[in-house]
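Remember, it's a predicted structure, so these values are computed and weren't measured experimentally.
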Amino acid sequence: MTLPPHRFPRLAAAVAGGVLLALVGAPPVLADSVREHQWHLRALHVAEAHKISQGEGVTVAVIDTGVRADHRDLTGNVLPGVDFLDAKTKGWVDTNGHGTAMAGLIAGHGHGAGDADGALGIAPKAKILPIRGQKDNKLSSVEIADAITEAVRHHVGVISMSFATSADETTKRALQQAIDADIVLVAASGNRPDDIFLQYPAKYPGVVAVGATGRDGKLAPVTTTGPEMVLVAPGVQIVSTANTGGYRRGTGTSDSTAIVAGAAALIRAKYPNLSAAEVVHRLTATAIDKGAPGRDREYGYGALDLVAALSADVPAGAGQPSAGSSGSAAPLPDPTTKTNTAAAPATRKAGPVNWTAIGVVVAVLIIMTGLIVGLPTWLILRSRRHRKP
């Protein structure tokens with residue numbers, strides 16, 4: 001069945017001047033060729049990653065416009081959630097379509113024989129907790145905070161946030177509550193031209209700020225940038241589930257965010273003993289470096305490498321157990337800070353002595369001392385020579 005293209009309206013927080021969504025219309029997607037059009041699956045080697053983990057036992061909260069739970073590619077994967085607009089719906093109503101698209105990117109399982117048809121998510125065996133607080137493209141900071149609090153109350157492993165807001169203490173406190181509850185926080189960096197700078201909540205410390213890349217692996221022009229950037233992932237012409245029961249294409253950092261949230265779910269399933277900070281460390285330590293060497297404001301630590309994040313031997317940080325080991329660990333340094341502490345030495349060693357510089361300093365000190373001592377004497381002698389007899 002051929003579906004008409006869909007143009008989703010912008011989705012913005014009521015307190016934010018910028019928008020995060022830039023979902024665009026595109027040629028129709030045939031229902032029986034959806035998987036073929038999901039180019040990001042091949043780019044991320046998802047088939048290989050699924051041999052390692054499929055997100056079993058992990059719940060991802062999707063704070064968005066709700067999720068169409070009866071979509072055939074999502075049935076069974078959408079838990080009864082929270083709806084601030086209509087409690088009876090349990091978050092299973094989506095009149096906008098954005099939330100259903102994000103859920104499909106995270107936990108779509110396809111349909112048909114062997115689930116070979118339809119949309120496939122990054123973590124097809126993970127569960128989605130829909131938290132609906134958005135309607136008519138408006139979401140207040142109080143609603144954002146309440147949504148995060150609900151996600152904490154439901155003991156989710158990951159929170160996916162494809163929306164923008166302004167800096168707000170209420171939201172910040174709620175995010176800190178989630179960090180204290182050991183939840184991986186993933187948020188979109190924002191979309192140009194509506195956004196100029198990297199947006200909140202992605203900008204908050206402890207949140208994984210995600211940018212979008214195209215098929216060529218380069219940063220998509222739609223992506224806002226900033227020193228808080230952590231990761232980039234596919235986000236151009238991404239095919240996923242639609243609230244019509246069919247499929248849609250979307251472009252924007254929202255799609256990239258959902259993909260990274262799915263990646264976090266895979267890691268949490270594979271390494272259940274890792275803390276949220278260690279999960280993020282695994283994502284950043286295995287990222288493919290892009291742009292300027294090291295972390296930069298466009299690509300962050302680099303592009304998501306799904307297979308490496310699941311299988312690489314990632315050295316633990318100071319005082320931390322290796323991936324997959326048991327026991328508690330102190331939190332890793334905030335992954336959104338500029339300094340790559342994993343690569344920094346514990347102490348700074350002194351460099352070689354610069355004798356030339358020392359000599360210059362000593363010479364200047366001698367000259368200044370001579371001036372200080374000799375100038376008064378010279379003034380006295382000069383005064384005596386000009387004194388009349």
Problem set entry | Side-chain heavy atoms of R173 within contact of E169, under 4.5 Å | yes
For this session: Check the side chains of H109 and D115 for a donor-acceptor pair under 3.5 angstrom, ignoring hydrogens and angles.
Result: no
For this session: Could you list the residues that satisfy ring pair (Phe, Tyr, Trp, His ring centres under 6.0 Å) with Y299, not counting sequence neighbours?
Result: none
Problem set entry | Carboxylate-amine/guanidinium proximity below 4.0 Å for R248 and D255 | yes
Seminar exercise, completed: The salt bridge (charged side-chain N to carboxylate O under 4.0 Å, His left out) partners of R215 (sequence neighbours excluded) come to none
For this session: Using salt bridge (charged side-chain N to carboxylate O under 4.0 Å, His left out) as the criterion, list what pairs up with D182, not counting sequence neighbours.
Result: R268
Exercise. If you take all heavy atoms of V307 and A49, which pair is closest and at what distance?
Worked result: CG2-N, 4.0 Å
For this session: Would you check if there is a donor-acceptor pair between the side chains of H71 and T100 at a distance under 3.5 Å?
Result: no
For this session: Please report the closest heavy-atom contact between A178 and I148, naming both atoms and the distance.
Result: CB-CG2, 4.0 Å
Exercise. What pairs meet the side chain to side chain donor-acceptor pair (under 3.5 Å) rule with one or both residues in residues 82-93, with sequence neighbours excluded?
Worked result: D83-T89, D83-R132, D86-K88
Problem set entry | Distance-minimising heavy-atom pair for P201 and L175 | CB-CD1, 4.0 Å
Exercise. Does one hydrophobic cluster hold both I128 and V93, with members joined at side-chain heavy-atom distances below 4.5 Å?
Worked result: no
Problem set entry | Any R35 side-chain heavy atom under 4.5 Å of L120 side chain | yes
Exercise. Should L219 and V236 be regarded as members of a common hydrophobic cluster, given that ILVMFWY residues are connected when their side-chain heavy atoms come within less than 4.5 Å of each other, either directly or indirectly?
Worked result: no
Exercise. Taking atom types as modelled, is there a side-chain donor on S33 or E36 under 3.5 Å from an acceptor on the other?
Worked result: no
Exercise. L41, I106: one ILVMFWY side-chain cluster at the under-4.5 Å cut-off?
Worked result: yes
For this session: Would you please name every residue forming a salt bridge (charged side-chain N to carboxylate O under 4.0 Å, His left out) with D70, sequence neighbours left out?
Result: R68
Exercise. Linking I/L/V/M/F/W/Y whenever their side-chain heavy atoms sit closer than 4.5 Å, directly or via other members, would V232 and V208 fall into one cluster?
Worked result: no
For this session: State whether a side-chain donor-acceptor pair under 3.5 Å links H111 with D73.
Result: yes
For this session: Could you list all the side chain to side chain donor-acceptor pair (under 3.5 Å) pairs where at least one residue sits in residues 43-55, not counting sequence neighbours?
Result: none
Problem set entry | Candidate list T251, T223, T224, T253, test side chain to side chain donor-acceptor pair (under 3.5 Å), partner N191, passing option | T253
Exercise. Should W39 and V239 count as side-chain neighbours, where that means a heavy-atom distance under 4.5 Å?
Worked result: no
Exercise. Under 4.5 Å between side-chain heavy atoms, hopping through other hydrophobics if needed: is there a path connecting F163 to V142?
Worked result: no
